[in-house]
Each structure stands twice: as structure tokens, then as C-alpha cells.
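Computed from a prediction, not measured in an experiment: that's the story for all the values here.
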Amino acid sequence: MKVGDLVRLKQPFIPGIVAFQVYHFGLVLEVVTEGSDTDVLVHLFDPASCTIYTDESGFKAVYGFQLNEVECIDDLPSDAPDIV
């Protein structure tokens with residue numbers, strides 16, 4: 001798994017109490033390993049609209065999931081927005 005990969009979240013995720021959309025995918029920003037724990041930092045991604053979730057302030061929020069909570073699908077879709 002590397003930066004830019006598309007991952008499927010094994011459990012649907014709602015980013016907050018004011019967000020109503022359920023996310024099933026993320027774009028990998030970083031994979032962090034500390035000891036025996038590995039976390040995957042992602043931007044939530046909607047492949048239907050090719051958009052990254054932005055919070056109420058307009059920022060691309062970053063969420064962390066444990067490695068066993070995501071499944072690597074493929075490289076970043078060609079029509080996906082810039083993840084940086």
C-alpha cells in the first residue's frame with residue numbers, strides 16, 4: 001500500500017455529526033507503523049463524483065484507520081482530484 005492508492009473501508013464511515021454522506025473509500029496519504037501497529041491516513045473519497053470530503057471549514061480532513069480496517073483496491077483513479 002502506497003500514497004495515492006484507493007482503499008475500501010471495511011466499515012462504512014460517516015465523518016461527523018453534521019455530515020450526512022457515508023463513505024466507503026479513501027485515498028492513502030501515508031502509512032504509519034509504530035511497533036506492531038500500522039495506521040493508514042486517508043482522505044475520504046467518493047468515486048461516484050471523484051471528490052474528496054471537505055469539512056465545515058473547507059479543509060480536506062485526514063482520517064486514520066488501522067491497517068486491518070481497510071482493503072487496498074488500486075492506484076489513484078486517473079480522474080481523481082489531487083490528494084495533496
Side-chain angles (χ1 to χ4, degrees):
M1 190 175 307
K2 63 186 183 310
V3 172
D5 281 350
L6 177 65
V7 293
R8 180 183 336 230
L9 309 177
K10 292 184 178 178
Q11 296 291 320
F13 184 79
I14 300 173
I17 56 175
V18 296
F20 300 106
Q21 184 169 357
V22 177
Y23 286 86
H24 299 273
F25 296 93
L27 296 175
V28 176
L29 295 171
E30 188 173 356
V31 178
V32 179
T33 301
E34 286 188 31
S36 62
D37 295 329
T38 301
D39 292 326
V40 182
L41 303 179
V42 303
H43 282 313
L44 299 176
F45 181 69
D46 179 8
S49 63
C50 280
T51 58
I52 291 174
Y53 168 75
T54 55
D55 64 17
E56 301 80 34
S57 302
F59 293 104
K60 295 177 185 174
V62 176
Y63 292 91
F65 296 91
Q66 292 182 351
L67 184 60
N68 66 351
E69 296 177 314
V70 299
E71 174 186 11
C72 190
I73 301 298
D74 207 343
D75 291 335
L76 178 70
S78 61
D79 56 350
D82 185 14
I83 63 170
V84 181

* To do: Any chance you could measure Ile14, atom CD1, to Gln21, atom CD, to the nearest 0.5 Å?
  =>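 One gets 10.0 Å once the value is rounded to the nearest 0.5 Å.
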* Nearest-0.5 Å distance, CD of residue Glu30 to CG of residue Leu41 ->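 These two atoms lie 5.5 Å from each other.
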* To do: Could you list the residues that satisfy salt bridge (charged side-chain N to carboxylate O under 4.0 Å, His left out) with Glu69, not counting sequence neighbours?
  =>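 Once residues adjacent in sequence are excluded, Glu69 has no partner under the salt bridge (charged side-chain N to carboxylate O under 4.0 Å, His left out) criterion.
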* By side-chain contact (heavy atoms from CB on, under 4.5 Å), which residues pair with Thr38, not counting sequence neighbours? ->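 Val31, Thr33, Leu67.
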* To do: With sequence neighbours left out, write down each residue that passes side-chain contact (heavy atoms from CB on, under 4.5 Å) with Ser49, or none if nothing qualifies.
  =>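 For Ser49, the residues satisfying side-chain contact (heavy atoms from CB on, under 4.5 Å) (neighbours in sequence not counted) are Asp46, Thr51.
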* Judged by atom type as modelled, is there a donor-acceptor pair below 3.5 Å linking the side chain of Lys10 to the main-chain atoms of Glu71? ->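 No, Lys10 side chain to Glu71 backbone: no donor-acceptor pair under 3.5 Å.
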* Spell out, as yes or no, whether a donor-acceptor pair under 3.5 Å connects the side chain of His43 to the backbone of Val28. =>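 No.
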* To do: Taking all non-hydrogen atoms of both residues into account, name the closest pair between Asp5 and Met1 and its distance.
  =>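 Result for this residue pair: OD2-CA, 3.4 Å.
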* To do: Locate the shortest heavy-atom distance separating Leu44 from Pro15; write the atom from each residue and the value.
  =>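 Closest heavy-atom pair between Leu44 and Pro15: CD1-CB, 3.7 Å.
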* For the pair Leu6 and Leu27, evaluate side-chain contact (heavy atoms from CB on, under 4.5 Å) and give the outcome as yes or no after the intermediate values. => CA-CA 5 Å; Leu6 177 65; Leu27 296 175; 3.9 Å; yes
* Which residues share a ring pair (Phe, Tyr, Trp, His ring centres under 6.0 Å) with Phe65, sequence neighbours left out ->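 So Phe65 forms a ring pair (Phe, Tyr, Trp, His ring centres under 6.0 Å) with Phe13.
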* Could you label the plane-to-plane angle of the Tyr23 and Tyr53 rings as parallel, tilted or perpendicular, counting under 30° as parallel and over 60° as perpendicular? =>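 Perpendicular, since the angle between the ring planes exceeds 60°.
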* With the side chain counted from C-beta on, respond yes when Leu9 and Val70 share a heavy-atom pair under 4.5 Å apart, and no when they do not. =>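 They are in side-chain contact.
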